Amino acid sequence: MWRRFLNRADGRSPSRRRFLTGLALGGLSTPVHASVKAEPEAQLPEEKQDQLWAAIEQQGNGVLSSRSALSVGRVPDTVENITLLGYHTAGDGGGGLYVRRQSPQADAASVQSADGAWWTLRPYTGSVSIRQFGAVGDGRADDTDSIRNACAFVQQTTTTHTVTFPSGRYRVTGPIISLQPKDRRLAFRGEDADTTQILLGADLETPLISLGGGNRRDRVEWVTFSEITFRNANRRFQGDCVYINKAYHVDWLRCRFIGWNGHAMYLDDYWDSNLDGCRFIGCGSPSEDDATKGKLPYTGGKAAIWIGSSSFRVTSNNLNFNACQFESSWHNQMRLQDKVRRVHLNSCKFHGNQRAKITESQLWVGGAWACKVAGCAFAYGQISDHIEFAWSKGALRNRGWTVVGNDFSYSGRAAIRIRDGSHMVINGNVFGQVGINKASIVVESSVAAGSKFGNIDIAHNVYGPSETAPRIQRPEALSSELLGHAVLRPPEGSSRAQTVVLPELPTEGAAKSDMSVIAQVEGQDDMLVSRHSTQMQDALSGTVTFDVLSNGSPQAFLELDGVDRKVRASQSLAIKDARWDGPHLEIGACHLWVDASGALRMKMGAPTSDLDGTVLGI
């Protein structure tokens, strides 16, 4: 009787042993289930087989072991539902309910039985498993198409929004997820990042995961990835893992990116999203120089994470990295480049590779504002900076940064290097307590060279006993230490003062200062920097000595004697723009300027006229 339901493509019925070996039978009525107990067909008497199929036909539903069993079955017209206990074999996690369709539908979620009927997967709970589309997860089979099909299924339906990734090692050889404009409210969930892994098995020409939205209402939004590890074992293959463009509210929870020989993430015009507990280990590709030095193949220098915007009118905005780990990248761990704002790094770890000496800074910033680094740990920069505020193009500069409560150790260059920036707060950090940095904070002279930047507050930090003091230096040559408050020359046509506020000297036993001064001298490459510390009271007392630095090297010195009220210099010096209502020297609350007659004047507090204050040196 069972042969009525089965037929092979060649017109001959398969043997009962071949078809029903592994076929789960029963569960349709109490008498049948009790007597059959899902035994393989080869172990069943002919009478029980006939009894089973009669029950299936009578009740209009049945249970089969796999999709292959359904595809060779000739199912009676009265049967509307078939439950499969697996995709390839019973118990492989790919089972589900299939319902009869009235019209043909040839897609990955459907199967045609031998009698010509079409059956379509109907998810139970609004989610599908990649195993229901044939994924094996043994690390050897190519599961690329299975994962693609599962993701395409949730994109096309309105009732199913989640793709689950059971524990397994899923080998892929091409892109697996591609979200398009208007795709939204989707979730991709692994069982556990320790046991759910996507293994790259070939070079990629396009990213493994792409989220490409459109403008405004066409953007990709409300998408979650969680508990999945994306691994490129031994950095064997080349390619980027994640590319996001024009997407909002795309969150990543406890995901891992390991060994990507390219960008782990390329985030372009990416808004209002959280990355919690994620790890980025050994990602990125080295620059050409680093590849040559390390005898590595050069594929184009790429940061592990790139954040920016390729569009002129938009930005990447409001991104929160919470308790994430960035380790052993082959380029910048993170690169913020062009039109980035409100990126918050909270309680993250930036850890270099103790063996591979890659020269790129761990956090590179060029064109980002209103960002925060708080409670993070930076270590093992080897021969690079931990944080580098670099030159950026156009009017979008590094401004409005808060760097607070972080720990910096083992930097091969500077823990923090400021080449370009303004309105920054660098407070309450710890430098060199775990391991010595070659330099703590370096403000390069480009910031002080008459640009429109400055107003950098550096105070209340803790320095290890062997840690260097914050300093201003030229990019090519080391200059003197900067002890306290710096008044920088304002930009052309502006009367607003620029300031850099630095703490006392951190080195043990060093002379301490409340205030000292830096001013522009003649050309933009010359600076006036205080050499000795002196307490500044309501009037000058004692002698304050300044070094005049040209190209980073002392060329002369200037002394202001508060006792005999004399100004002495080792050679002739010309201080540019020293009018009372223009840029002039400030020492604490004391102002010094040259009046219209050429006399040097001093006043405690800002002058109100050219002849205000007291004439010095007469």
Side-chain angles (χ1 to χ4, degrees), residues 257 263-267 270 275 278-284 286-287 290 301-308 316 319-353 358-392 397-421 424-427 429-431 437-444 456 458 461:
F257 303 82
H263 296 299
M265 284 188 166
Y266 188 94
L267 309 177
Y270 179 39
L275 292 89
C278 295
R279 301 179 65 184
F280 303 84
I281 302 175
C283 300
S287 64
D290 291 336
K302 293 183 176 181
I305 297 179
W306 185 94
I307 305 176
S316 285
L319 304 178
N320 301 298
F321 292 80
N322 303 311
C324 293
Q325 179 176 342
F326 309 89
E327 183 174 347
S328 305
S329 295
W330 291 83
H331 199 271
N332 305 121
Q333 309 262 31
M334 181 180 291
R335 190 176 184 92
L336 278 58
Q337 183 171 356
D338 298 333
K339 298 182 286 297
V340 179
R341 63 182 179 181
R342 291 197 288 269
V343 172
H344 301 148
L345 305 176
N346 304 308
S347 302
C348 295
K349 177 181 178 182
F350 290 79
H351 199 286
N353 192 322
I358 306 303
T359 60
E360 307 297 331
S361 53
Q362 297 208 60
L363 175 58
W364 187 95
V365 182
W369 65 97
C371 300
K372 179 180 68 175
V373 182
C376 297
F378 292 80
Y380 293 110
Q382 276 104 3
I383 55 178
S384 64
D385 302 320
H386 285 321
I387 302 178
E388 176 185 354
F389 293 97
W391 278 103
S392 55
R397 302 293 189 178
N398 306 316
R399 65 182 185 270
W401 274 77
T402 301
V403 182
V404 59
N406 304 285
D407 183 272
F408 297 91
S409 60
Y410 295 114
S411 172
R413 298 187 68 200
I416 300 175
R417 182 179 302 275
I418 304 175
R419 288 196 167 102
D420 182 15
M424 294 182 175
V425 175
I426 304 176
N427 289 351
N429 301 285
V430 177
F431 296 89
N437 303 291
K438 188 172 182 179
S440 57
I441 303 171
V442 174
V443 182
E444 293 193 351
I456 302 172
I458 305 175
N461 297 296

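Every value quoted in this text rests on a predicted model; they were computed, and no experiment measured them.
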- Nearest non-hydrogen partners of A414 and V442, listed with the distance: CB-CG2, 3.9 Å
- Item | F350: which of Y380, F326, F408 passes side chain to side chain contact (heavy atoms under 4.5 Å, CB included) | F326
- Item | Flag, side chain of E327 to backbone of K349, donor-acceptor distance under 3.5 Å | no
- ring pair (Phe, Tyr, Trp, His ring centres under 6.0 Å) involving F321 - partner list, sequence neighbours excluded: none
- Query: Does the S316 side chain pair with the main chain of G308, one donor and one acceptor, at a distance under 3.5 Å?
  - Reply: yes
- Note on the structure: Scanning both residues in full, the closest heavy-atom pair of S411 with S384 reads OG-O, 3.1 Å
- Between W401 and F389, how do the two ring planes meet: parallel, tilted or perpendicular, split at 30° and 60°? perpendicular
- Spell out, as yes or no, whether a donor-acceptor pair under 3.5 Å connects the side chain of H386 to the backbone of R417. no
- Message: I need the minimum non-hydrogen distance between R342 and C371, along with the two atoms involved.
- Response: N-SG, 3.7 Å
- Minimum heavy-atom distance C283-A304, with the two atoms named: CB-CB, 3.9 Å
- Message: Given 3.5 Å as the limit, does a donor-acceptor pair link the side chain of N429 with the main chain of N461, or not?
- Response: no
- Query: Given Y266 and I307, is the side-chain contact (heavy atoms from CB on, under 4.5 Å) satisfied, shown in steps?
  - Reply: CA-CA 6 Å; Y266 188 94; I307 305 176; over 6 Å; no
- Message: Show, in sequence, the C-alpha distance, side-chain angles and deciding distance for H331 and E360, and conclude whether the side-chain contact (heavy atoms from CB on, under 4.5 Å) test is met.
- Response: CA-CA 5 Å; H331 199 271; E360 307 297 331; 3.9 Å; yes
- Query: Any donor and acceptor pair, going by atom type alone, linking the side chain of T402 with main-chain N or O of I426 inside 3.5 Å?
  - Reply: no
- Message: When you measure from the side chain of N427 to the backbone of V425, do you find a donor-acceptor pair of N or O atoms at a distance under 3.5 Å?
- Response: no
- Which value, rounded to the nearest 0.5 Å, describes the distance between Q337 atom CD and N332 atom CG? 9.0 Å
- Message: Test side-chain contact (heavy atoms from CB on, under 4.5 Å) on Y270 and V340; report intermediate values, then the result.
- Response: CA-CA 10 Å; Y270 179 39; V340 179; over 6 Å; no
- Item | Distance, nearest 0.5 Å, that separates CD1 of I458 from CE of M424 | 9.5 Å
- dist L275:CG -> I305:CD1 (nearest 0.5 Å) comes out at 7.0 Å
- So, D385 side chain and S361 main chain: donor-acceptor pair closer than 3.5 Å or not? no
- Query: Got a second to check how far L345's CG is from C348's SG, nearest 0.5 Å?
  - Reply: 5.5 Å
- Task: Indicate yes or no: at least one non-hydrogen side-chain atom of R419 is less than 4.5 angstrom from one of E388.
- Result: yes
- Task: List the steps, then state whether side-chain contact (heavy atoms from CB on, under 4.5 Å) holds for M334 with W364.
- Result: CA-CA 6 Å; M334 181 180 291; W364 187 95; over 6 Å; no
- Item | Lys NZ or Arg CZ of R399 over W369 ring: under 6.0 Å, within 45° | yes
- Note on the structure: To the nearest 0.5 Å, atom CZ of F378 lies from atom CD of Q333 at 9.5 Å
- Donor + acceptor pair across side chains of N346, N322 (<3.5 Å): yes
- Note on the structure: SG of C376 to CG of L363, rounded to nearest 0.5 Å, is 9.0 Å
- Are any non-hydrogen side-chain atoms of M265 and F257 less than 4.5 angstrom apart? yes
